[in-house]
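None of these values were measured; they are calculated from a predicted model.
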Amino acid sequence: MGLVVAVVSPVLAVAFVFAVLGAAAILRWPEIGFGVAVALSLQAIPGTWTPDIPLGFFKLKMYELAFVGSLAGVFFRHLGKSKQKGELASVARREWAWAFSTLLLITLAAIYSRYYMGNSEMVLSTTRPYLALLSIALAYQLMVDGTPWQRLDQLLWISGLLVSGIVIIQLVTGWKIMDARVEDLGLSSNTGITRSITGVGTLAQAYAIYRLSQLTSRQAASPAFRLIMAALLIVAILGLLGTFTRGAWIATAMGALVTAYVFNGWRQLFKTLIAGTVVLVMSLALTFIVNPRIGEAMVDRALSVSGEIQSGSSYDWRRQENSMAVEYISSHPLMGAGLGGAYKGGSWNGPGSFINNEFFIHNGYLGFPLFMGVFGVGLLGYFLLRMIRAILAARYSANREVASAAAGVFVVALISNIPGPVFSKFAGLLIVFLLIALIRFTGAANTESEPVNKLPQ
């Protein structure tokens with residue numbers, strides 16, 4: 001340690017020690033690395049608090065490092081052990097096979113895009129999010145190895161609650177805490193209102209709302225517990241409203257209805273409509289009491305949809321972007337533009353606030369055939385099939401609370417993938433496949449007479 005301090009600054013020396021201890025902990029307990037990856041990718045632990053690690057021609061994100069560390073920890077945990085037995089372990093092996101084979105195909109597509117199609121600038125950045133495909137196998141394996149599924153459930157809704165809490169702080173103070181878009185709402189009288197774009201973090205916020213709603217309504221729980229859950233529910237809702245993202249509002253509302261129906265049929269759906277309206281009104285009323293300008297901005301934002309369409313602002317350039325994508329797909333149906341390929345050319349008249357505006361497309365459904373051609377269509381179809389099967393399985397799950405909340409999040413993801421990509425983002429894939437693993441594990445675990453949460457010696 002003295003030698004290290006003599007060579008580098010004390011701050012770097014302390015950081016090095018903590019890095020070594022953190023790596024050792026993740027390798028010993030892979031679930032820690034998985035939890036850190038989830039929290040960091042969702043901005044529940046703000047990215048501004050963690051450095052990127054420069055590795056030559058690119059920078060490694062801390063959530064990627066934590067995720068890889070968790071994978072390594074699982075690998076070393078099983079190294080030299082005999083094969084686990086039981087249906088749950090068999091499912092885990094099939095998920096590993098699917099995840100690695102799919103990731104290999106995407107890697108080959110990236111190599112083809114880079115060396116045969118001439119794409120270079122954005123190939124790596126558009127390929128690396130698919131590392132999260134391994135999350136379904138990793139999450140399932142962690143549960144098979146003994147990590148309680150309740151811990152992964154809590155990890156996700158607490159992360160969503162933290163995201164909402166940070167959004168509220170940014171809204172009230174104007175501070176930039178998240179490593180994401182934090183900007184002035186900038187609409188006439190609403191100038192000076194801070195808007196936080198949580199992106200895929202909306203999925204975790206929605207999950208927090210659904211799970212906290214369920215915890216609040218538990219009749220067997222103590223009044224104190226239900227009161228605390230109700231207070232946290234209002235925080236989660238206010239955080240979602242604080243994004244000022246109408247698509248997220250609509251998607252979360254639709255997901256809530258699906259959650260209610262999956263949980264207990266039409267009766268629960270109607271009860272949710274009534275209860276949800278009451279809680280929303282209470283949350284808005286609280287906002288008007290604390291800061292009337294923020295409450296007015298939320299109402300204005302919700303009522304300005306038709307005006308924005310008529311003014312032709314974001315609606316117009318998104319439509320232009322979709323038109324250019326469809327035209328490119330129709331002329332290059334087999335391979336598309338390739339991963340990281342430009343498709344807009346010099347005719348793009350939309351906003352240029354992001355440096356990759358020649359490559360980026362907001363509509364996540366068009367993105368798959370646009371950048372991966374026929375293979376992309378198949379990959380997207382498989383993602384949709386897995387989610388639809390999970391939603392159908394949730395209706396008959398023995399753990400109806402978690403399964404119904406997960407089904408609601410799938411609906412949020414399906415809707416949110418239209419205005420912004422979800423299934424080509426690390427955090428989006430991580431959440432979706434974590435929830436699929438939760439539904440599948442809790443369903444399968446109830447059919448096994450022998451638990452398989454212990455490693456063979």
With side-chain contact (heavy atoms from CB on, under 4.5 Å) as the test, pick out the partner of Ile45 among Val38, Val163, Leu40. Leu40
Checking Leu203, Ile436, Val412 against Ile431 for side-chain contact (heavy atoms from CB on, under 4.5 Å), the one that qualifies is Leu203
Looking at every non-hydrogen atom in both residues, tell me the closest pair between Gly408 and Thr259 and how far apart they are. CA-OG1, 3.2 Å
Polar side-chain atom of Tyr130 near backbone of Thr107 as donor-acceptor pair, under 3.5 Å: no
Please give me the minimum heavy-atom distance between Arg226 and Thr216, naming the atom from each residue. NE-O, 2.8 Å
Is the backbone of Leu240 close enough, under 3.5 Å, to the side chain of Trp249 for a donor and an acceptor to pair up by distance? yes
When you measure from the side chain of Asn119 to the backbone of Ala337, do you find a donor-acceptor pair of N or O atoms at a distance under 3.5 Å? yes
Using atom types as modelled and distance alone, determine if a side-chain donor or acceptor of Ser164 lies under 3.5 Å from a backbone N or O of Ala236. yes
Pair Phe67 and Phe426, ring centroids less than 6.0 Å apart: yes
How far apart are the closest heavy atoms of Val402 and Asn399, and which atoms are they? N-OD1, 3.4 Å
Might you work through the side-chain contact (heavy atoms from CB on, under 4.5 Å) test for Met372 and Leu105, ending with a clear yes or no? CA-CA 11 Å; Met372 287 187 278; Leu105 290 174; over 6 Å; no
Which atom pair, heavy atoms only, marks the closest approach of Leu429 to Ser135? O-OG, 3.7 Å
Answer yes or no: is there a donor N or O on one side and an acceptor on the other, between the side chain of Gln170 and the main chain of Ile177, under 3.5 Å? yes
Check this for me: Arg395, atom CZ, are more than 12 non-hydrogen atoms of other residues, nucleotides or ligands nearer than 6.0 Å? yes
If only atom types and distance count, is the side chain of Tyr343 paired as donor or acceptor with the main-chain N or O of Phe360 below 3.5 Å? yes
Whether the side chain of Glu321 engages the backbone of His362 through a donor-acceptor N/O pair (distance < 3.5 Å, no angle test) should be reported. yes
Is a donor on one side and an acceptor on the other found under 3.5 Å between the side chain of Tyr210 and the backbone of Thr252? yes
Between Ser283 (side chain only) and Leu238 (backbone N and O only), is there a donor and an acceptor less than 3.5 Å apart? no
Would you find more than 12 non-hydrogen atoms of other residues, nucleotides or ligands less than 6.0 Å from Met229 atom CE? yes
Closest non-hydrogen atom pair between Ser213 and Leu233, with its separation: OG-CD1, 3.5 Å
Backbone N or O of Met178 within a donor-acceptor pair of the Lys176 side chain at under 3.5 Å? yes
At their closest point, which heavy atom of Ala427 faces which heavy atom of Leu42, and how far apart are they? CB-CD2, 4.1 Å
Gln214 and Ser404: side-chain donor and acceptor closer than 3.5 Å? yes
